[in-house]
Amino acid sequence: MIVAVIAAWYALFGGRGPAAVTTTTTTTTTTTTMPTGIIKVGFTTSLTGTYAVEGTRQLHGIQLWQYWVNNKTGGIIVNGTRYFVKIIYYDDASKKDQVTALYEKLITQDNVDFLISPYSSPLALTAAAIAEAHSKVIVTTGAAADSIHQQGYKYVVQVYTPGSEYLWSTLDFIKAKDPSAKKIAIVYSDDVFSASVAEGAKKYAEQNGFTVVFYDKYPSTTTDLSSILTNIKATSPDAIIGGGHFADGVLLIKQAKQLNVNAKLFSIIVAAPEDSFYQSLGADANYIFGPSQWEPDVKYNVTYGPSVKDFIQMYKSMFNENPTYHSAGGFMAGLVLQAAIEKAQSLNSKKVRDAFNTLDLKTFFGEFKVDPATGLQIAHKMVLIQWQNGKKYTVWPPEAASAQPLYPKPAWG
């Protein structure tokens with residue numbers, strides 16, 4: 001059967017994929033019936049531009065899902081017909097105008113059946129508007145801004161924990177670990193996702209007895225954070241939290257050290273959970289925290305899809321790198337779309353969207369359930385990571401932790 005599936009892959013997808021993968025994961029394919037149809041899933045991703053690091057990781061996750069569903073589950077069965085998945089994607093160069101043009105192309109020229117969002121909330125919001133105009137289901141991943149789900153759209157569903165909750169785990173940790181730490185500085189990139197994170201963190205901090213002593217944004221394309229860090233330093237915060245995406249997250253830590261801006265805790269969104277965060281900063285990454293959607297050391301009771309171990313094994317085998325939460329989020333987008341199609345037993349967008357409302361999944365990525373009215377994610381929760389001696393560990397909440405947190409952070413140098 002494996003030979004037949006691989007032969008079919010080569011015929012349908014130009015020879016890409018399974019030849020590069022060796023894995024001991026047991027196949028669940030038990031029938032010799034070949035797929036008789038193709039489900040086309042379209043999206044753009046940022047292979048270049050501001051979001052290239054995260055966009056590439058997300059693409060890898062989606063590519064692995066395509067391999068997994070076609071070769072490990074034997075396709076998706078809908079009313080007795082077995083379908084292969086074919087992904088169609090383009091580089092959006094991290095630009096909104098490219099997203100607009102390319103999602104129109106995916107729908108009107110490539111005739112895709114379903115859509116996955118590009119990485120980042122600004123680009124996903126742009127794609128969601130196009131999907132809604134054409135009544136196409138779009139699964140957002142790598143996009144957590146609450147505002148995407150406040151537009152009245154009927155065809156959008158979310159994988160990630162909403163942006164407004166990104167830094168809640170950090171604040172919960174500080175409150176539990178150090179009740180004397182009260183002064184919080186929040187700094188964030190001027191984009192829709194980062195603003196959503198900052199607004200949610202500010203509200204949650206104040207509700208939990210913290211004083212927000214600094215709250216400001218910086219341009220999303222900035223290459224110099226010295227002025228804003230100097231202003232933060234003047235407030236003597238106990239914790240500095242926020243950020244935006246990878247490049248500015250790394251820059252924030254580099255310049256904090258250069259300017260000797262100290263705090264008991266730094267928690268940086270998006271950038272800190274990336275393996276390349278330590279590669280970019282070296283020992284300066286140690287002690288830095290970051291909220292993460294998923295980590296390889298998490299322990300979940302999986303009832304749908306591959307186990308955490310199998311996902312990691314397949315990913316490493318295909319891409320020769322460790323998966324990040326962006327990678328896992330890409331796979332998860334495909335996985336929940338697969339579950340909704342199976343539940344609906346239809347390729348009709350409205351029926352599949354309705355099926356999403358009834359899904360309550362426990363997967364390698366954690367829980368999945370959406371608010372029926374908005375498609376907002378309501379079940380998945382963040383974990384908190386920290387870099388310690390060049391290694392990344394999950395340190396919060398305690399029941400998910402693989403190491404004890406190191407706190408407070410010593411002064412630079």
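Just the heavy atoms: all of them, side chains too, but no hydrogens, waters or symmetry mates, feed the values below.
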The complete set of side-chain hydrogen bond (donor to acceptor under 3.5 Å, both in side chains) pairs with one or both residues in residues 135-144, sequence neighbours excluded, reads none
query = Is there a donor-acceptor pair closer than 3.5 Å between any side-chain N or O of Thr45 and the backbone N or O of Gly55?
reply = yes
Run the ring pair (Phe, Tyr, Trp, His ring centres under 6.0 Å) check on Tyr155 and His134 step by step: do they pass? CA-CA 10 Å; Tyr155 287 90; His134 292 274; over 10 Å; no
So salt bridge (charged side-chain N to carboxylate O under 4.0 Å, His left out) across residues 108-127, not counting sequence neighbours, yields Lys105-Asp110
- Item | cation_pi(Lys202, Tyr215) dist<6.0 Å, angle<=45 | yes
Contacts satisfying salt bridge (charged side-chain N to carboxylate O under 4.0 Å, His left out) that involve residues 226-241 (not counting sequence neighbours) are none
Residue pairs meeting salt bridge (charged side-chain N to carboxylate O under 4.0 Å, His left out), one or both in residues 173-184, sequence neighbours left out, come to Asp178-Lys264
Contacts satisfying salt bridge (charged side-chain N to carboxylate O under 4.0 Å, His left out) that involve residues 378-394 (not counting sequence neighbours) are Glu165-Lys381, Asp275-Lys392, Glu295-Lys392
Residues passing the ring pair (Phe, Tyr, Trp, His ring centres under 6.0 Å) test with Tyr89, sequence neighbours excluded, are Phe43
**Study point:** Near-ring test Phe266/Trp387, centroid separation under 6.0 angstrom
**Key:** no
* To do: Specify whether Phe289 and Phe173 have parallel, tilted or perpendicular ring planes, treating 30° as the upper limit for parallel and 60° as the lower limit for perpendicular.
  => tilted
### Task
Answer with yes or no after comparing the ring centroid distance for His60 and Phe331 against a 6.0 Å cut-off, counting only values under it.
no
